[in-house]
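Just below is one structure, and these are the notes that go with it.
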Amino acid sequence: MILLCKMNFAFIHIYKDILFGKILTYSIKLHHPNSSVIQISDLNAKKIEDVDYIERKKFYYETIMYDFIKAQRDIINKYGPTVFLDADMIVLKPITEFFSIENYEFSVTQRTEENKQLYFTPVLHKEKFPELIGKKFGDEMPFNAGIYFCKNSDTLKYMLSIFNKLKSNYYEWYGDQLALRELVKINKFKIKIFNDYIYNYTPNTVDEDLSDKKVLHFKGKTKKLLVPIFKKIFNK
């Protein structure tokens, strides 16, 4: 049965408020009850009671994106194949097909077509990323690092190597997205690409029809919708 498939799920949680982590853990356990949930946190974050394991790492603001991927590589080496999610996500249905990918080594979602057409703007990027202004998200970051499945730690090792080619500001932000683009582009690993609309979808309203979605991702301003949507769907 699809509900009995076992897998590791891991998310990085470095926030004082553990509500998002609790919600994500609940949604994973509901649909994949035999799976292990791993919380990756800094040295001080509170352990979320329903997670199976907590791994504590040192994270530095100036290199946070690099540190995240490095921590994920350590998880693969210790626990084996793992689905990595952002903490601001909810699993709505079983996602067995996302990690039952046969001889593929990695799975990821592309961005929605609407998101690919958005431009980097001076308002958000003038200070740290002036070279991105006027470029499209789809050209620079066609995939989204909010969720991916890794079977081979060499994929994450390759992503870490990409940071050697990036300016220091990308260690703090966006570096993971660029590393992901290069991982797919290099064509060295077998990577399966899934639909963002289903496995990495960002709702716009509480009343939106989400019946065909499997994973929700509450990016930016939509984080305020996470709890109301969770309450509505799960009656919690």
Side-chain angles (χ1 to χ4, degrees), residues 1-15 18-43 45-59 64-109 143-160 176 179-180 183-184 189-194 196 198-200 213-217:
M1 291 179 61
I2 193 169
L3 292 180
L4 298 181
C5 290
K6 180 173 175 58
M7 178 48 58
N8 297 314
F9 291 82
F11 60 92
I12 293 173
H13 202 282
I14 55 175
Y15 315 105
I18 63 172
L19 181 59
F20 282 11
K22 289 180 68 175
I23 287 174
L24 175 59
T25 301
Y26 174 87
S27 69
I28 293 170
K29 290 285 190 179
L30 180 66
H31 298 299
H32 294 280
N34 289 341
S35 295
S36 296
V37 178
I38 305 160
Q39 175 186 345
I40 310 170
S41 289
D42 58 22
L43 303 182
K46 183 178 179 181
K47 182 180 183 293
I48 297 166
E49 66 177 271
D50 291 329
V51 302
D52 297 285
Y53 309 101
I54 183 168
E55 293 289 333
R56 296 192 181 276
K57 304 289 182 180
K58 285 186 178 181
F59 295 118
I64 195 74
M65 292 294 104
Y66 181 87
D67 294 343
F68 282 175
I69 298 175
K70 187 177 178 181
Q72 291 173 340
R73 183 200 60 188
D74 293 345
I75 293 298
I76 292 291
N77 289 335
K78 182 173 181 177
Y79 294 94
T82 301
V83 179
F84 294 102
L85 309 96
D86 282 356
D88 54 357
M89 303 184 90
I90 299 177
V91 177
L92 296 183
K93 298 176 182 178
I95 59 168
T96 307
E97 64 281 1
F98 193 80
F99 55 80
S100 298
I101 54 176
E102 299 178 340
N103 61 337
Y104 286 89
E105 300 168 273
F106 196 95
S107 63
V108 68
T109 64
F143 308 98
N144 185 273
I147 177 173
Y148 49 74
F149 171 58
C150 180
K151 287 167 59 176
N152 179 359
S153 64
D154 286 344
T155 57
L156 298 177
K157 182 179 178 181
Y158 180 80
M159 288 175 66
L160 289 171
D176 58 334
L180 195 56
L183 176 68
V184 178
F189 303 98
K190 296 198 68 174
I191 298 175
K192 190 163 187 177
I193 301 172
F194 284 86
D196 182 278
I198 298 174
Y199 298 94
N200 199 343
K213 313 304 180 189
K214 293 196 172 185
V215 183
L216 304 182
H217 190 181

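What you see is a predicted model, and the numbers here were worked out from it, not measured in a lab.
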Minimum side-chain heavy-atom gap Val51-His13 below 4.5 Å: no
Verdict with supporting geometry, Phe149 and Ile95, side-chain contact (heavy atoms from CB on, under 4.5 Å): CA-CA 11 Å; Phe149 171 58; Ile95 59 168; over 6 Å; no
Student check: side-chain heavy atoms of Phe99 and Ser107 closer than 4.5 Å: no
Under 3.5 Å donor-acceptor, Thr109 side chain and Asp196 backbone: no
Evaluation steps, side-chain contact (heavy atoms from CB on, under 4.5 Å), between Val108 and Ile193: CA-CA 5 Å; Val108 68; Ile193 301 172; 4.3 Å; yes
Donor-acceptor contact below 3.5 Å, side chain Lys151 vs main chain Tyr104: yes
Separation of Lys192 NZ from Asn103 CG (nearest 0.5 Å): 9.5 Å
From NZ (Lys58) to CG (Asp42), nearest 0.5 Å: 11.5 Å
Greater than 12 external heavy atoms within 6.0 Å of Tyr15's OH: no
Interatomic distance, Ile38 atom CD1 to Phe11 atom CZ [nearest 0.5 angstrom]: 10.0 Å
Matching residue for Val91 among Ile23, Leu216, Leu85 - test: side-chain contact (heavy atoms from CB on, under 4.5 Å): Leu85
Note, Thr155 side chain near Leu183 side chain (heavy atom, < 4.5 Å): yes
Qualifying residue for side-chain contact (heavy atoms from CB on, under 4.5 Å) with Phe20, from Thr25, Ile48, Asp88: Asp88
Least distance between heavy atoms, His32 atom then Thr96 atom: CE1-OG1, 3.5 Å
Side chain Gln39, main chain Glu49, donor-acceptor under 3.5 Å: no
Under 3.5 Å: donor-acceptor pair, side chain of Ser36, backbone of Asn8: no
Leu160 versus Lys70, closest heavy-atom pair with distance: CD2-N, 3.7 Å
Nearest heavy-atom neighbours spanning Ala145 and Asp176: CB-OD2, 3.6 Å
Intermediate values then yes/no, ring pair (Phe, Tyr, Trp, His ring centres under 6.0 Å), Tyr148 and Phe143: CA-CA 10 Å; Tyr148 49 74; Phe143 308 98; over 10 Å; no
Under 3.5 Å: donor-acceptor pair, side chain of Thr82, backbone of Gly80: yes
Flag if over 12 foreign heavy atoms under 6.0 Å of NZ, Lys190: yes
His31 and Phe9: CA distance, side-chain angles, deciding distance, ring pair (Phe, Tyr, Trp, His ring centres under 6.0 Å) verdict: CA-CA 12 Å; His31 298 299; Phe9 291 82; over 10 Å; no
Nearest heavy-atom neighbours spanning Ser153 and Ile76: CB-CG2, 3.6 Å
Straight-line distance of Ile198 CD1 to Phe98 CZ, nearest 0.5 Å: 11.5 Å
Worked verdict on Phe194 versus Ile101 for side-chain contact (heavy atoms from CB on, under 4.5 Å): CA-CA 11 Å; Phe194 284 86; Ile101 54 176; 4.1 Å; yes
Heavy-atom side-chain proximity of Asp52 to Val37 below 4.5 angstrom: yes
side-chain contact (heavy atoms from CB on, under 4.5 Å) between Phe68 and Ile40, intermediate numbers included: CA-CA 9 Å; Phe68 282 175; Ile40 310 170; over 6 Å; no
Any donor-acceptor N/O pair, Lys157 side chain to Asn152 backbone, under 3.5 Å: no
Any donor-acceptor N/O pair, Asp86 side chain to Met89 backbone, under 3.5 Å: no
Contact summary for Leu156 and Ile69, nearest pair of heavy atoms: O-CG2, 3.9 Å
Under 3.5 Å donor-acceptor, Glu55 side chain and Ile75 backbone: no
Axial cation check for Tyr199 ring with Lys214, 6.0 Å and 45° limits: no
Flag if over 12 foreign heavy atoms under 6.0 Å of OH, Tyr79: yes
Euclidean distance, Lys57 NZ relative to Gln72 CD, rounded to 0.5 Å: 11.5 Å
Separation of Ile90 CD1 from Ile28 CD1 (nearest 0.5 Å): 11.0 Å
Lys29/Asp50 ion pair, N-O < 4.0 Å: no
